[in-house]
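The structure appears right after this line, and notes come after that.
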Amino acid sequence: MIPLHYAPDVQAAKDAGTAIVALESTIITHGMPYPQNVQTARLVEDDIRAGGATPATIALINGALHIGLTDAQLDALGQAKNVAKLSRADIAACIATGGTGATTVAATMIAAHLADIHVFATGGIGGVHKGAETTFDISADLYELAQTPVTVVAAGAKAILDLEKTYEVLETLGVPVIAYGQDTLPAFWSGASNLPAPLRMDRAADIAAAHKMRVAMGLPGGQLVANPIPQDAQIPAETLAPIIAQALAEADTQGIAAKAVTPFLLGRIFELTDGASLTANIALVRNNARLAAQIAGSLIS
Ligand code: PSU
Ligand code: MN
């Protein structure tokens, strides 16, 4: 038996058949500093409620997969040090041994699917790291999108990545990448990249219809909805480029590898931008939560 624990409001939404949006916890434990991480997690949950859906933040606590966290659980997770970062490779072992950990995009998709939740909002997915031709560092998030039927709303892949290679891999894996309301793919902290979007949709209802059609056709996997950061919150890509380059160079010099790469880069970019990257990250996650609530609403109507 899989130890799935539903928060009371999530259970009530499941029973009533109303809209639910899943949220991940690695962004809380490894993506943002305390206390902004917990504050943001609560704001994002409120945004989803304001959009007419029920938020379900997912984490593993003492071997139980929690679908929806209490305020106390959220706060404890946000303050905890050395929390495990759980992806597809780790999640079953961690449950089986009674562990505690935060779920990445990949692990959150797995948990959301087990909980029969179809829409999930986050900041930016993992992808192909720069230099992957030597490191082979490609996020498990991409392969999860290819096999687990959850629509993930993100501001695209994080701009610390090789975006061109990331979208090539998604195309190879047959993952629909839908830019919301524009013809180019967004670039996380920046509204647009120079990459054309494979698909564009302007209405949440169309995204929901495409999700349903994939299920009806028996196509495995989910969809990536690439939702640009609100214009007034974005940081121009030219401003960020030298900062990202510096953070990448430092990661290389310090031998940062595997799971530590993304948290290290986000942390350094936060420091090098005097917190501006975090402000933008908060704005884009909230924007994704609002769109995800609309998609989840469209899916049930
Ligand atoms: N979105 C954010 N910040 C984050 C993440 C997403 O705004 O920190 C997390 C997600 O959990 C994603 C992970 O799955 O970063 C990517 O990690 P990696 O590159 O090691 O696969
Ligand atoms: Mn990696």
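Read the numbers this way: they start at 1 and go in the same order the structure lists the ligands and their atoms.
No option in Asn37, Val38, Val44 other than Val44 meets the side chain to side chain contact (heavy atoms under 4.5 Å, CB included) test with Thr40. Each of Leu142, Asp137, Leu161 was compared with Val128 under the side chain to side chain contact (heavy atoms under 4.5 Å, CB included) criterion, and only Leu142 meets it.
A heavy-atom cutoff of 4.0 Å around ligand 1 is satisfied by the protein residues Glu24, Thr26, Ile27, Gly31, Lys85, Thr104, Val105, Thr122, Gly123, Gly124, Gly126, His129, Ser139, Asp141, Lys158, Phe188, Thr262, Leu266, Asn281.
Distances under 2.8 Å from the Mn ion (ligand 2) pick out the protein N/O/S atoms Asp137 OD1.
Among pairs with a residue in residues 50-80, those fulfilling ring pair (Phe, Tyr, Trp, His ring centres under 6.0 Å) read His5-His66, at least two apart in sequence or across chains.
Among residues two or more places apart in sequence or in another chain, the side-chain contact (heavy atoms from CB on, under 4.5 Å) test is passed with Leu4 by Ile2, Tyr6, Leu65, Ile67, Leu114.
With Ser193 contributing its side chain and Leu185 its backbone, the two residues share a donor-acceptor pair below 3.5 Å.
Side-chain atoms of Gln254 and Glu250 include no donor-acceptor pair closer than 3.5 Å.
A salt bridge links Arg42 with Asp71; the closest basic N to acidic carboxylate O contact falls under 4.0 Å. Classification of Asp252 and Lys130 as a salt-bridged pair fails, no side-chain N sitting under 4.0 Å from a carboxylate O.
Contact detail for Ala53 and Ile20: the closest heavy-atom pair is CB-N, 4.4 Å.
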